[in-house]
There are 2 protein chains.
Amino acid sequence: MPKVGMEPVRRKALVDAALHVIGDQGTLSVTMSDIARKAGVSAALAHHYFGSKEQLLVETVRSLLKQLRDDTVTALKAVGTPRERLSAIVRVSFQADQFAPETIAAWLAFYSDAQRSEETRRFLVIYARRLRSNLVDSLKSLCVADDAQRIAEGTAAMIDGLYIRRSLGSSPVTAEASIALTDDYITLHLNALSRQENAA
Amino acid sequence: MPKVGMEPVRRKALVDAALHVIGDQGTLSVTMSDIARKAGVSAALAHHYFGSKEQLLVETVRSLLKQLRDDTVTALKAVGTPRERLSAIVRVSFQADQFAPETIAAWLAFYSDAQRSEETRRFLVIYARRLRSNLVDSLKSLCVADDAQRIAEGTAAMIDGLYIRRSLGSSPVTAEASIALTDDYITLHLNALSRQENAA
DNA sequence: TATTTTTGATTGACTCATCAATCAATAAAA
DNA sequence: TTTTATTGATTGATGAGTCAATCAAAAATA
């Protein structure tokens, strides 16, 4: 059974398993055993490859973030006009896998963890910045920089907020409704600005 | 030192201490000892009065929620017009103590915990419903029920989202900026609706 | 090709620390 | 004396991290 070149395979399996288990239990207080079992290996092996639970978790946020970035890049590739790009960014955020309850639970767990772990916080800050900068970039073609900043801030907040509300699973926040709500926000602002301009 | 009638005093001290420690560490994985130390008593006493850590935590969410409700009731008491009431609701959410980093950290920890604890989830759902219903009530005086629902949903999401973004402590989300952003959202929507009406 | 050596993969068993929960004992009211 | 408040000591469980040992593939050597 033992073959050479297992390392990358196992690392990926463990990170994926971690994400799964964390999403399932909604907390980072999962055991290495839980994760290892899910990945079909022993806890000792997880330690062998990652050195510590902390490190495995860091790799796990990293992977979650990478996933989102890749999705975003793909989504933006096909799209042309600034307004369409904005919608694409919004849509990606509420895409099936991103908006799945377990994924949201994992995000939440990491946000909570960011209070303690400098490294986790760094990653989440990167996510926040990226989202913001993607939004601002497109918005700048449609309004002045100052307004772009403001609208981006609001849009980002709305996206994050819809995630949280979804996490409670009580209000019927569908992906479609969330997209509509966020997209409306952008449209409304842009309309208000162009009307203002016309009046002047 | 031992006197009669300590129970309520100790209970309150312990719940307050729990909130503090949780906010500080940003997780519910704090020890009974930590909490008890902060409250100036032994861990054994905490168990004596609450029976279990779980129970103490439940009382702690309850208290956090009660705080917010009391603040809201107070804020709404002095205010008359529906539009003013909306602003008051928004303002309360970003009030100094609610918007303090430790308070937000505590909220986040509870949200994360809601994935596991039925009881915690119940409390958070109550919060979500209350916020929503407060918003809808006032909005209904200003637009049709259908729109009121939608605007309330968006406003609530924006509030929650601004909390999260604040929790990362990176972007300079001041309380004032958050209030402005949320209030703008409401104004913009109401304006759009009234203009639409005029056009008809 | 056959045999030996080396090395990566893997785990069960163990250690050590932490923590929730319990309990028996003490001290001070009532 | 009975009740309430309070704690130090203890227990039992859990879980991260370590380690020595095994196993099989690959590489080196005969």
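- Nearest nucleotide to the B:Val41 side chain, out of D:dT7, C:dG12, D:dT6: D:dT7.
- Computed from coordinates, the A:Arg10 CZ to C:dA9 C1' distance equals 8 Å when rounded to whole Å.
- Note: CE (B:Met6) to C1' (D:dT4) measures 11 Å, nearest angstrom.
- In this structure, B:Phe50 reaches neither bases nor backbone, as no heavy-atom distance under 4.0 Å exists between it and the strands shown.
- Ring geometry, B:Phe94 versus B:Tyr163: the interplanar angle falls from 30° to 60°, so the pair is classed tilted.
- Nearest-nucleotide positions on DNA chain D place B:Ala46 closer to the 5' end than the other of A:Ser33 and B:Ala46.
- With D:dT18, C:dA20, C:dT10 as the candidates, the nucleotide lying closest to the side chain of B:Met32 is C:dA20.
- Take the nearest nucleotide of DNA chain D for A:Ala43 and for B:Leu45: the residue whose nucleotide is more 5' is B:Leu45.
- In this structure, the NZ atom of A:Lys53 is 15 Å from the P atom of D:dT14, given to the nearest Å.
- Atom-to-atom, NE2 of A:His47 to P of D:dG15 comes out at 13 Å; the value is rounded to the nearest Å.
- With distances taken from any side-chain atom of B:Ala44 to the nucleotides C:dT10, C:dA20, C:dT22, the minimum falls on C:dT22.
- Using a 4.0 Å cut-off between charged side-chain N and carboxylate O, A:Arg150 and B:Asp184 make a salt bridge.
- For the pair A:Leu65 and A:Arg130, the minimum side-chain heavy-atom distance is below 4.5 Å.
- For the pair A:Tyr49 OH and D:dA16 C1', the interatomic distance rounds to 19 Å; values are reported in whole Å.
- Comparing atom distances between the B:Ser52 side chain and each of C:dA21, D:dT6, D:dA16 picks out C:dA21 as nearest.
- Rounded to a whole Å, the NE2 atom of B:His48 is 15 Å from the C1' atom of C:dA25.
- Across all non-hydrogen atoms, the minimal contact from A:Leu68 to A:Gln98 is CD1-CD, 3.7 Å.
- In the set D:dA5, C:dA9, D:dA16, C:dA9 carries the atom at the smallest distance from any side-chain atom of A:Glu7.
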(message) A:Leu135 vs A:Ile151, test: side chain to side chain contact (heavy atoms under 4.5 Å, CB included). Steps then yes/no.
(response) CA-CA 8 Å; A:Leu135 291 169; A:Ile151 299 175; over 6 Å; no
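- Between B:Arg37 atom CZ and D:dT7 atom P the separation is 13 Å, expressed in whole Å.
- Residue contacts for A:Val9: at a heavy-atom cut-off of 4.0 Å it reaches no nucleic acid atom on any strand shown.
- Note: CG (B:Leu56) to P (C:dA20) measures 10 Å, nearest angstrom.
- A:Ser42 comes within 4.0 angstrom of a nucleotide base, judged by non-hydrogen atoms across all strands.
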